[in-house]
Amino acid sequence: MNELTGKRALVTGASRGIGAAIAVTLASQGADVVITYQSSEAAANKVVSDIEALGRRAFAIKADSADATAVQQSVDEAARLLGGLDILVNNAGVGPAALLEHMSLEQIDLLLNVNVRGVIVASKAAIPHLGEGGRIISIGSSAAERVSVPGMSVYAATKSALLALTRGLARELGPKGVTVNLVHPGSTDTDLNPATGDFADVQRALTALGRFGKPEDVANAVAFLASPAAQQITGTGIVVDGGANA
């Protein structure tokens with residue numbers, strides 16, 4: 001499929017896991033892609049190589065998503081490298097889990113700065129570059145609407161904040177022909193939350209399908225929202241959680 005041929009995408013935090021799968025999936029459908037990464041240059045370069053192997057242009061930018069200036073600069077640099085921008089995927093996120101009474105202020109600030117402020121800053125920076133048919137797609141969490149286990153309060157709050165941001169931006173950008181949506185992953189098999197981890201069986205038991213998702217499951221939902229087929233969908237979210245919130 002080449003539904004995204006000629007489109008130019010930025011995927012934040014995409015050196016591994018869900019972000020890497022999103023970047024490669026968008027490229028497989030024809031998009032040129034810039035990714036950002038915080039520390040793993042080798043992993044980021046591997047994603048770039050995988051995209052280039054598909055015949056698409058790819059670049060990696062080192063940027064800390066907790067640093068508002070770095071986020072702003074990375075969006076502008078992505079637009080410069082690609083000659084414009086059509087799709088922003090706000091994927092970068094962190095998820096330290098702990099009971100609120102045990103969380104440090106540093107952990108709370110990190111969650112807020114990356115998961116909320118970083119998304120807001122990146123979206124603000126992208127808006128001048130986006131025209132008719134543009135897309136802003138953020139990666140939320142199934143925990144945004146249902147917190148099934150203790151220790152996820154602050155993380156869930158940051159992802160829930162994206163619901164309001166998405167709805168508000170959909171109203172603001174609708175007149176430009178730009179859609180704004182969310183994808184809410186549930187338990188997904190990544191380095192940070194492996195399907196063989198200590199708490200994996202508990203997570204599986206919460207789902208209707210009884211299994212973890214794959215990064216590609218989330219990536220496919222993002223690619224759909226980025227495509228012309230989703231032109232009438234805005235201000236909402238797709239939940240990819242195996243029925244955990246059913």
Side-chain angles (χ1 to χ4, degrees), residues 11-14 17-19 22 36 38 63-72 88-126 136-173 180-188 190-193 197-200 202-203 205-207 212-213 215 217-218 221-222 225 234-246:
V11 185
T12 66
I18 290 173
I22 292 170
T36 68
Q38 181 175 352
D64 182 354
S65 291
D67 181 335
T69 300
V71 171
Q72 167 80 51
L88 168 66
V89 182
N90 290 304
N91 170 77
V94 294
L99 297 177
L100 178 56
E101 65 178 309
H102 298 148
M103 291 194 80
S104 67
L105 288 177
E106 289 77 14
Q107 287 176 307
I108 294 170
D109 283 344
L110 179 64
L111 280 159
L112 292 170
N113 288 340
V114 175
N115 293 2
V116 182
R117 189 179 68 171
V119 173
I120 292 172
V121 172
S123 300
K124 181 179 187 299
I136 296 176
I137 304 164
S138 299
I139 304 304
S141 170
S142 61
E145 302 205 45
R146 183 180 181 187
V147 186
S148 301
V149 294
M152 302 295 290
S153 300
V154 180
Y155 172 78
T158 65
K159 293 301 185 177
S160 183
L162 299 184
L163 292 169
L165 177 66
T166 295
R167 291 166 181 154
L169 280 182
R171 292 288 186 181
E172 291 182 20
L173 300 182
V180 187
N181 289 294
L182 279 166
V183 174
H184 292 300
S187 298
T188 305
T190 63
D191 292 345
L192 296 178
N193 187 27
D198 292 342
F199 302 103
V202 173
Q203 294 177 66
L206 293 172
T207 71
F212 268 53
D217 296 324
V218 182
V222 171
L225 289 173
T234 194
T236 190
I238 295 178
V239 182
V240 187
D241 69 351
N245 282 355

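These values consider heavy atoms only, across backbone and side chains, with no hydrogens, waters or symmetry-generated copies. Worth saying up front: this structure is predicted, and the values here are computed from it rather than measured.
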Taking atom [atom1] of [X] and atom [atom2] of [Y], what is their separation to the nearest 0.5 Å?
| X | Y | atom1 | atom2 | result |
| --- | --- | --- | --- | --- |
| Leu182 | Leu162 | CG | CG | 6.0 Å |
| Ser123 | Ile136 | OG | CD1 | 4.5 Å |
| Leu105 | Gln107 | CG | CD | 9.5 Å |

Self-check item: Contacts of Ser65 that satisfy side chain to side chain donor-acceptor pair (under 3.5 Å) - sequence neighbours left out
Solution: none
Exercise. State which residues pass side chain to side chain donor-acceptor pair (under 3.5 Å) with Asp241; sequence neighbours excluded, sorted by chain then number.
Key: none
I'd like to check the side-chain contact (heavy atoms from CB on, under 4.5 Å) partners of [X]; sequence neighbours left out, ordered by chain and number.
| X | answer |
| --- | --- |
| Thr207 | Ala244 |
| Ile120 | Val116, Leu165 |
| Val147 | Met152, Ala156 |

What is the minimum heavy-atom distance between [X] and [Y], and which atoms define it?
| X | Y | result |
| --- | --- | --- |
| Ala70 | Asp64 | CB-O, 3.9 Å |
| Ala92 | Thr12 | N-OG1, 2.9 Å |
| Val114 | Gly93 | CG1-CA, 3.7 Å |
| Pro215 | Gly17 | CB-O, 3.9 Å |
| Asn181 | Gly235 | OD1-N, 3.3 Å |
| Ala66 | Arg117 | O-NH2, 2.7 Å |

Quiz item: Run the side-chain contact (heavy atoms from CB on, under 4.5 Å) check on His184 and Leu163 step by step: do they pass?
Solution: CA-CA 10 Å; His184 292 300; Leu163 292 169; 3.5 Å; yes
Practice problem: Could you walk me through whether Ile108 and Leu100 pass side-chain contact (heavy atoms from CB on, under 4.5 Å), step by step? | Solution: CA-CA 9 Å; Ile108 294 170; Leu100 178 56; 4.2 Å; yes
Quiz prompt | Verdict with reasoning, Thr188 to Asp217, per side-chain contact (heavy atoms from CB on, under 4.5 Å) | solution = CA-CA 9 Å; Thr188 305; Asp217 296 324; over 6 Å; no
Exercise. Check the pair Ile139 / Ile22 against side-chain contact (heavy atoms from CB on, under 4.5 Å), numbers first and verdict last.
Key: CA-CA 10 Å; Ile139 304 304; Ile22 292 170; 3.9 Å; yes
Practice problem: Using a 4.5 Å cut-off on heavy atoms from C-beta on, say whether the side chain of Thr36 contacts that of Val71. | Solution: no
Exercise. Sorted by first residue and then second, give each side chain to side chain donor-acceptor pair (under 3.5 Å) pair with at least one member in residues 151-162; sequence neighbours left out.
Key: Asn115-Thr158
